[in-house]
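Below: the structure, in structure tokens.
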Amino acid sequence: QVQLVESGGGLVQPGGSLRLSCAASGSIFSINVMGWYRQAPEKQAPGKQRELVATITSSGSTAYSDSVRGRFTVSRDNAQNTVYLQMNGLKPEDTAVYYCNAILRHTAWGKPQDYWGQGTQVTVSS
């Protein structure tokens with residue numbers, strides 16, 4: 001099947017930067033959209049939805065949540081099936097588990113399917 005492996009999380013002081021990476025591997029024909037979502041500690045109760053952070057299409061079109069626009073930058077390497085999230089000007093309220101997401105096809109005629117990484121913790125604290 002498909003695996004999404006994230007890296008780059010950690011502890012950083014307010015105002016600092018981190019770069020997250022997520023590599024997709026397995027049975028992949030094409031990846032329509034890759035992106036990042038997050039779930040803050042107080043929102044990890046069952047049924048709570050993850051918050052969209054940023055997405056990028058295969059053609060490079062991007063979308064950001066209002067809370068991160070201007071501070072975070074999403075990019076991708078289509079040849080490596082990898083998506084990145086450069087996070088600058090981090091704030092304590094950015095503390096969350098960050099999840100990579102990919103909407104992809106296994107074959108040219110297959111329906112797009114949704115995959116998630118295991119999550120990586122980002123903590124912003126002094």
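Side chains are part of it too, since the values below use all heavy atoms of this structure and drop only hydrogens, waters and symmetry mates. Treat the numbers as computed from the prediction; the structure is a model and nothing was measured.
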Gap between atom [atom2] of [Y] and atom [atom1] of [X] - 0.5 Å precision:
X: Y98; Y: T120; atom1: OH; atom2: OG1; value: 10.5 Å
X: S30; Y: I103; atom1: OG; atom2: CD1; value: 11.5 Å
X: R76; Y: T62; atom1: CZ; atom2: OG1; value: 12.0 Å
X: M87; Y: R38; atom1: CE; atom2: CZ; value: 9.0 Å
X: L90; Y: F72; atom1: CG; atom2: CZ; value: 5.0 Å
X: S17; Y: R71; atom1: OG; atom2: CZ; value: 10.5 Å

Kindly give the heavy-atom pair with the smallest separation between [X] and [Y], and that separation in Å.
X: N32; Y: P112; result: ND2-CG, 3.9 Å
X: L4; Y: C22; result: CB-SG, 3.9 Å
X: S27; Y: H106; result: O-ND1, 2.5 Å
X: V97; Y: G119; result: CG1-CA, 3.8 Å

Shared ILVMFWY cluster between [X] and [Y], side chains joined below 4.5 angstrom?
X: M34; Y: I28; result: yes
X: V83; Y: Y115; result: yes
X: L52; Y: W116; result: yes
X: V124; Y: W36; result: yes
X: V12; Y: L20; result: yes

Just by distance, do the side chain of [X] and the backbone of [Y] share a donor-acceptor pair under 3.5 Å?
X: E6; Y: Q118; value: yes
X: N81; Y: I31; value: no
X: R105; Y: G110; value: yes

Stepwise side chain to side chain donor-acceptor pair (under 3.5 Å) test for S125 and T123
CA-CA 6 Å; S125 174; T123 302; over 6 Å; no
Just so I know, are the side chains of T55 and V74 near enough to count as touching, which here means a heavy-atom distance under 4.5 Å?
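Not touching, per the 4.5 Å side-chain cut-off.
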Side chain proximity check, S67 to E51, heavy atoms < 4.5 angstrom:
yes
Would you mind checking if K91 and D94 are paired as a salt bridge, meaning a charged N to carboxylate O distance below 4.0 Å?
no
Only one of V53, T73, I56 passes side chain to side chain contact (heavy atoms under 4.5 Å, CB included) with Y64; say which it is.
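The residue from V53, T73, I56 that satisfies side chain to side chain contact (heavy atoms under 4.5 Å, CB included) with Y64 turns out to be T73.
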